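All values derive from a computational prediction rather than experimental measurement.
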2 protein chains.
Amino acid sequence: MSVAISPFVVERLSRYYLYLTMLGKKNGSWISSKELSGALGLTSSTVRQDISHLEEYNGISKRGYNREELAGNLRSFFGTDKPCRAVIVGAGNFGRALLLHREFHGQGFEISAIFDANPKIVKTKIDKFQVKDVKELENYIAENNIEIGIIAVPSSEAQEVADRLANAHIRGILNLTTSPLQVVEKIALVDSRLIIELFKLSYQIRLDPENSKKCDAVVRGGNNGS
Amino acid sequence: MSVAISPFVVERLSRYYLYLTMLGKKNGSWISSKELSGALGLTSSTVRQDISHLEEYNGISKRGYNREELAGNLRSFFGTDKPCRAVIVGAGNFGRALLLHREFHGQGFEISAIFDANPKIVKTKIDKFQVKDVKELENYIAENNIEIGIIAVPSSEAQEVADRLANAHIRGILNLTTSPLQVVEKIALVDSRLIIELFKLSYQIRLDPENSKKCDAVVRGGNNGS
DNA sequence: TAGATTGTTAATCGATTAACAATC
DNA sequence: TAGATTGTTAATCGATTAACAATC
């Protein structure tokens, strides 16, 4: 336990988990490191070594890993076997979209409230949620045992919201704005960076002349587009 | 030109660019590698080496980099000095949110249409856009010189949409679904992975006991939460 | 001028991969 | 049994950092 695992490994473990989720119950109940690596564009060696970072793992020669068991071990690893409560700050387009997105809930993330600063938006309803005033943020977090704050306000207000979340002793922040945030070390922080993915795409597209020479019909696993 | 640059470097270069954008015209017109690295939680060495990958760069001893010039060089590097046309497939919550999000447009990405398969949604209006039938996708891409396709449909339909985009010779795909995609090598692919960021957060939060021992008030730059 | 900061080379660090004994 | 696949060690590869001469 707790020799910090590299973020690269954590990211790939998430992908394995999502892939297993997607497979559902189709096509048998076992999966080998070779199948997983093939589907995700990795080497089987990487897959086996990543999985060996889990506290429990239990591959079987000639069969591979039991899919349900592996999925369960991954859930414990991420802590998503127990529900994790989150709030969204910012009821603009992104905030609303996240709130209405059912998939997060299915993966153990409970969005329990949405906040906004705009008096015209506060108290309006989105689905079954009533938008709360951001003034209530600190109290709400303390009283409802909220672990994660999702920042979906305009970039210019992101740091201020981060500071408020920090004061309220939030444990983790998901930053959806393009603004880089400063937070105390003990708060976990990840950035979502849609615009960064677009920059990467734009760069890769311009590189293409090289690539298209190489090959036309080779299929690549759905990874982060290396 | 075109010794492929590592995705790590490309990602950091995006961050530099966004940071410069955020600074705007405040606080002088020069920035040193030390300032940039401090703001983003990196070493100045990394910053200088990353910048040296640009075709043009022009740091000056004792002053650093001219902010406007550096931003311009980064734009040429990413190709976002010329507008890049994109379409969104899927007019659900995420698709709509992206369409309405002004920031992408400001960065050179023109969303020129949104598509959906649901006859109840097709032809409805979102802002000034009329949702188009996904049947028109291939024609539209060919006729309007679309370079990027953004997939915002339910995960189960993601691969099918990717295949159609590929047939229409799209150059790049941004995948917003949790489904890993298979595409021919010459199409650039990046995944957005909001749910993966949530898994990372959840993992980090559970690690916290260790971290909180270490330090309480150390401020960290807003990077990807290593 | 003296000192700060670049650009770049070489060293270090860590992530990925190869290899293989164990085992089902 | 023979062959496939794991778990793990050691080798390789590549990303990051340190160091420093050049220079403004």
Side-chain angles (χ1 to χ4, degrees), chain A residues 3-16 20 27-67 69-71 73-74 77 200 203 220-221 223-226, chain B residues 3-16 20 27-67 69-71 73-74 77 200 203 220-221 223-226:
Chain A
V3 181
I5 292 173
S6 122
F8 298 95
V9 174
V10 178
E11 161 125 12
R12 282 193 303 266
L13 289 171
S14 310
R15 292 181 186 283
Y16 306 158
L20 292 175
N27 308 319
S29 52
W30 295 82
I31 193 162
S32 68
S33 57
K34 202 174 163 193
E35 288 173 271
L36 255 177
S37 64
L40 299 174
L42 306 164
T43 66
S44 69
S45 204
T46 300
V47 170
R48 289 197 300 283
Q49 208 170 59
D50 288 346
I51 289 176
S52 78
H53 284 102
L54 301 177
E55 270 182 69
E56 296 216 29
Y57 58 101
N58 207 359
I60 292 178
S61 293
K62 251 190 119 169
R63 282 206 276 185
Y65 305 88
N66 180 284
R67 270 154 50 172
E69 199 184 324
L70 180 56
N73 291 337
L74 285 163
F77 173 80
K200 285 189 198 168
Y203 169 73
R220 169 191 52 198
N223 62 2
N224 198 20
S226 66
Chain B
V3 182
I5 293 171
S6 125
F8 297 95
V9 175
V10 179
E11 161 124 12
R12 283 194 303 267
L13 288 171
S14 310
R15 291 181 187 283
Y16 305 158
L20 292 175
N27 307 319
S29 54
W30 296 84
I31 193 163
S32 69
S33 57
K34 201 173 164 195
E35 288 172 272
L36 254 177
S37 65
L40 300 172
L42 305 164
T43 66
S44 69
S45 205
T46 299
V47 170
R48 288 197 301 280
Q49 210 171 57
D50 288 346
I51 288 176
S52 78
H53 284 101
L54 301 177
E55 271 182 68
E56 296 215 29
Y57 57 101
N58 207 358
I60 292 178
S61 294
K62 248 189 124 169
R63 283 205 275 185
Y65 304 89
N66 180 284
R67 273 155 48 174
E69 197 184 327
L70 180 56
N73 291 337
L74 286 163
F77 174 80
K200 285 189 198 167
Y203 169 73
R220 170 190 52 198
N223 63 359
N224 197 20
S226 68

Discussion item. Going by purine N1 to pyrimidine N3 plus the second Watson-Crick contact, or the G-U wobble pair, all under 3.5 Å, which nucleotide sits opposite C/dC20?
Written reply: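 When the pairing criteria are applied, D/dG7 turns out to be the nucleotide that pairs with C/dC20.
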Item to complete: If D/dA15 has a Watson-Crick or G-U wobble mate with both distances under 3.5 Å, name it; if not, just say none.
Response: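 With both distances under 3.5 Å, D/dA15 matches C/dT12.
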Would you say [X] and [Y] make side-chain contact, with heavy atoms under 4.5 Å?
X	Y	value
A/Y16	A/L70	no
A/V10	A/F77	yes
B/L13	B/L54	yes
A/L36	A/Y65	no

Starting from [atom2] on [N], measure out to [atom1] on [X] and report it in whole angstrom.
X	N	atom1	atom2	result
B/L54	C/dT8	CG	P	12 Å
B/I5	D/dG14	CD1	C1'	15 Å
B/N58	C/dG7	CG	C1'	12 Å
B/Y57	C/dT5	OH	C1'	14 Å
A/K34	D/dG3	NZ	C1'	12 Å
A/H53	D/dT9	NE2	C1'	13 Å
A/I31	D/dT5	CD1	P	12 Å
A/L70	D/dT6	CG	P	11 Å

Worksheet item: Counting only N and O atoms by type, is there a donor-acceptor contact under 3.5 Å from the side chain of A/E35 to the main-chain atoms of A/S32?
Response: yes
Worksheet item: If you look at every heavy atom in A/R63 and A/W30, which pair is closest and at what distance?
Response: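 In terms of heavy atoms, the two residues are closest at NH1-CZ2, 3.6 Å.
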Worksheet item: Which letter, B, S or -, goes with each nucleotide of nucleotides 16-24 of chain C from 5' to 3', with contact meaning a protein heavy atom under 4.0 Å?
Response: BBBB---BB
Discussion item. Just to be sure I understand the rule, does A/S33 reach a base, reach only the sugar-phosphate, or reach nothing, if contact means heavy atoms closer than 4.0 Å?
Written reply: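 The answer is sugar-phosphate, as A/S33 gets under 4.0 Å only of primed atoms, P, OP1 or OP2.
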Worksheet item: Between B/S52 and B/R48, does any side-chain donor sit less than 3.5 Å from a side-chain acceptor?
Response: no
